[in-house]
Amino acid sequence: MKIASVIVDVPTKQTDKTFDYLIPDQWIDTIQPGMRVVVPFGPRKIQGFVTGIKIHSEFQKLREIVEPMDLEPVLNHELLELGNWLTEKTLCFKIFAFQVMLPAALKAKYEKSVELANGVKTSDLPGQLQTFFKSNSKINWEEALKSGIVPLLQREASKGHLEVLYEVKEKMKKKQLKFVSPLLSITELQDELDRLPARAEKQKEVLNFFVQNYKPVELRQLLVDLSISSATVKALVEKNFLIEQDREVYRDPYENRTFERTSPLPLTDSQQKAIQPILNSIEQKQHEVFLLYGVTGSGKTEVYLQSIREVIEKGQEAIVLVPEIALTPQMVNRFKGRFGDLVAVLHSGLSSGEKYDEWRKIQRKEVKVVVGARSAIFAPFENLGIIIIDEEHETSYKQEEMPRYHARDVAIERAKTYNCPVVLGSATPSLESFARAQKKVYQLLSLPSRMNNQSLPSVEIIDMREELRSGNRSMFSSKLFDMLKERIERKEQSVLFLNKRGHSSFVMCRDCGYVVNCPNCDISLTFHSKAGQMKCHYCGYESFVPKHCPECSSEYIRYFGTGTQKVEEELGKILPEARVIRMDVDTTGRKGAHERLLKDFQDGKADILLGTQMIAKGLDFPNITLVGVLSADTMLHLPDFRSSEKTFQLLTQVSGRAGRHELPGEVIIQTYTPEHYSVELAGTQDYDLFYSKEMMVRKSHHYPPFYYLSLITVSHEQLMAAVATTEKITAYIRSRVSDETVVLGPAASPIPRINNRYRYQCLIKYKREPDLPMTLKTILDQYQKDTASGLQVSIDINPFILM
Ligand code: ADP
Ligand code: ZN
Ligand code: ZN
């Protein structure tokens, strides 16, 4: 007798543990840990993951597994362990930890149907229902809904005549194509060809084709190429000359593209110096985390490529993470160009079928490299030799829903298991990573200059307050306007960048740039148009918007923000001759739109590329000689302690888009706060100075990397319930932490109501609290069990968004 421990697909506290099931005899040799199975659970049949096999169970009367859903495990031993680790580190349900590691296509979909109960005959049912059950003992729930018989069904179900069934449906489908192959040898084909009557012209043509191309051919392709009908092929199949077979094929998103093969470039001295420690780590199988710090265009990607080559030569595998928006065709080209078919690509632009196929290539070891966004960190390789995270400072590496993991942490955890290096690359490393490099937790590798010593573009900061004073109310400074005009005349291209995050949410004086901050937290207040008030989302402070600027008494004090559409309109007025491509969430919604717009710009179909965050990365076109940032400040005043860091990173990134080739580049940054260090230092592109300034700010305000954060968010339909519970939790935490720890709250969440639920939060800042994970788990356990109260409590350890 064998018993399987199974984690079932029911994300609740009560079911967040393994359940024991008997393995039926016929599956005893089949079912293994890491497989998905269908199990009975109450009246339903649901999906589960087998986590272990054993001989004894402490429970009597076990139910049997219905059937396996996989032929081989979808989670190997390492990933099952990683699932446990994720569960513990992020305090999530185990089922979420397993699901996040797999492509969405493997997530179960359930279908509901109604069936005659045991021993019940069709004639026992009311007449109206009999017709439905006449030809079928089971009817689909969707159909029942459409036919309006649900109340009837319910009545019969309550009498015990009918039973409701829940069944697991596979969502993923393998793509099958019909292939035709010769059944005879070439000489036999030749003989038959001679024997066919002359009028069987088409059939002759087909046989002739196979004599010339003796291999399986896709049927559809054959029909098109020879312009024949399927009847012709069928005739030959019936004569047993040919055979038709279904074959599984991959949905390849890059099918119709050819990638020019590239070879490793001879490394420069500084690249050589940077790569050596990585190669040593690969060679000696010694886990180490490297921070590869180098400006854009300094040759980081070439270092990645050559490290990966080493790994592949040793028979090992590589994971490369790239932020979603930087996963551009250009980036994919570089990896496919170097390693060809050994590369799988995973990003959100793929259909779920395509993603599933790419995933299977990894699982079947048909590829050696995966390039992908965050979740590619779970690629089911079993012999990892390196993990690379490009643009490691990007906040999109943190998942904002359960499991709330950071890809960097997962990378390090996996790399420890495989004794392999992790390489974090960035021109503007996150403060956390740079601080760790300073403390020698990570090993710092630098690429101090651009290839061929190309100079960085010159950056000019324009004070928009001055513009206003001299009567320019437009969103373009006169300098930027002149330069745009000049570029159009010279047939060069410009990029205009609008920092849209933080739209309309802070209050600023347009005369002097004063921004209203919280007196307790040194963070800007958020404007709430409904109440006409400003609030602090960290401590709860609130006040009205002043009528006059407290600094300069100007009445031009208001909340702030402009949209890309508005900018486009204004461009149309002031520079009607300019051809503009706008790239934002609205214009790139459809599949492939992003790529097409960029291609158009590259082909010179526009003079100006106007966009938001999404154009900050990866753009590398020779003809771009001007980058304009319309409003550098918008993000600076978000209620987020990382806002200075993000502003600096973004401005530096955007500036890096200009002058990457022969033509020199210029950058204009328009701002209302030119004196802010993150704007000023982005102007001189001085990361080191920015780092030391920002570190002082973080230290004095008890923020990372000096302190760790944990955020508890409580929500309830009743405001008072949310407040009272948050109060209770906050008090409980205060009683269990050291004096050095700061516990802020209860305060309303920056988004105080979502879906009619009020949200309150408690923020914990701490240096060393070994017992805090346990305390947090206790809190979660208690509230997750108590589902009747309607309270939802969520905990984010190392949060990136404090909303
Ligand atoms: P990063 O990833 O730091 O932005 P890249 O690796 O993209 O830098 O390098 C910038 C440019 O320099 C690319 O066009 C790349 O092909 C080229 N390059 C990189 N390394 C070398 C090298 N060793 N010799 C010549 N060109 C190189
Ligand atoms: Zn003012
Ligand atoms: Zn405050």
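We count ligands from 1, going down the list as the structure has it; atoms in each ligand are counted the same way. What you see is a predicted model, and the numbers here were worked out from it, not measured in a lab.
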### Message
Please determine whether any non-hydrogen atom of L305 lies less than 4.0 Å from an atom of ligand 1.
### Response
no

### Message
Could you check whether Q649 and Q653, counting side-chain N and O atoms only, form a donor-acceptor pair closer than 3.5 Å?
### Response
no

### Message
Any atom of ligand 1 sitting under 4.0 Å from a heavy atom of R450?
### Response
no

### Task
Check the angle between the aromatic planes of H406 and F800 and answer parallel, tilted or perpendicular using the 30° and 60° thresholds.
tilted

### Query
If you measure from each non-hydrogen atom of V303 to ligand 1, which part falls under 4.0 Å: side chain, backbone, both or neither?
neither

#### Entry: Whether R338 side chain and L305 backbone form a donor-acceptor pair below 3.5 Å
no

### Query
Can the ring centroids of Y687 and F434 be said to lie less than 6.0 angstrom from one another?
yes

### Query
Does a side-chain heavy-atom distance below 4.5 Å link E432 with P705?
yes

### Message
With a heavy-atom distance limit of 4.0 Å, tell me whether P266 approaches ligand 1 through its side chain, its backbone, both, or neither.
### Response
backbone

### Task
Show your working on salt bridge (charged side-chain N to carboxylate O under 4.0 Å, His left out) between E466 and R469 and close with a plain yes or no.
CA-CA 5 Å; E466 291 291 342; R469 263 174 229 135; 3.3 Å; yes

### Query
For ligand 1, which atoms have a heavy atom of L267 less than 4.0 angstrom away?
23 (N)

## Note on the structure
Counting from 1 in the order shown, the ligand 1 atoms closer than 4.0 Å to a non-hydrogen atom of V295 are 3 (O)

### Task
Could you tell me if the ring centre of F648 sits under 6.0 Å from that of F690?
yes

### Task
Identify which protein N/O/S atoms are less than 2.8 Å from the Zn ion (ligand 2).
C509 SG, C512 SG, C549 SG, C552 SG

### Message
Quick check on S298 - does any of its heavy atoms sit under 4.0 Å from an atom of ligand 1?
### Response
yes

### Query
How far does CG of L496 sit from CE of M475, to the nearest 0.5 angstrom?
11.0 Å

### Query
Can you find a heavy atom in the side chain of I282 that is under 4.5 Å from one in the side chain of I278?
yes

### Task
Return yes if a side-chain donor-acceptor contact under 3.5 Å exists between S554 and R510, otherwise no.
no

## Note on the structure
Among E391, E302, R334, the residue with a heavy atom nearest to atom 16 (O) of ligand 1 is R334

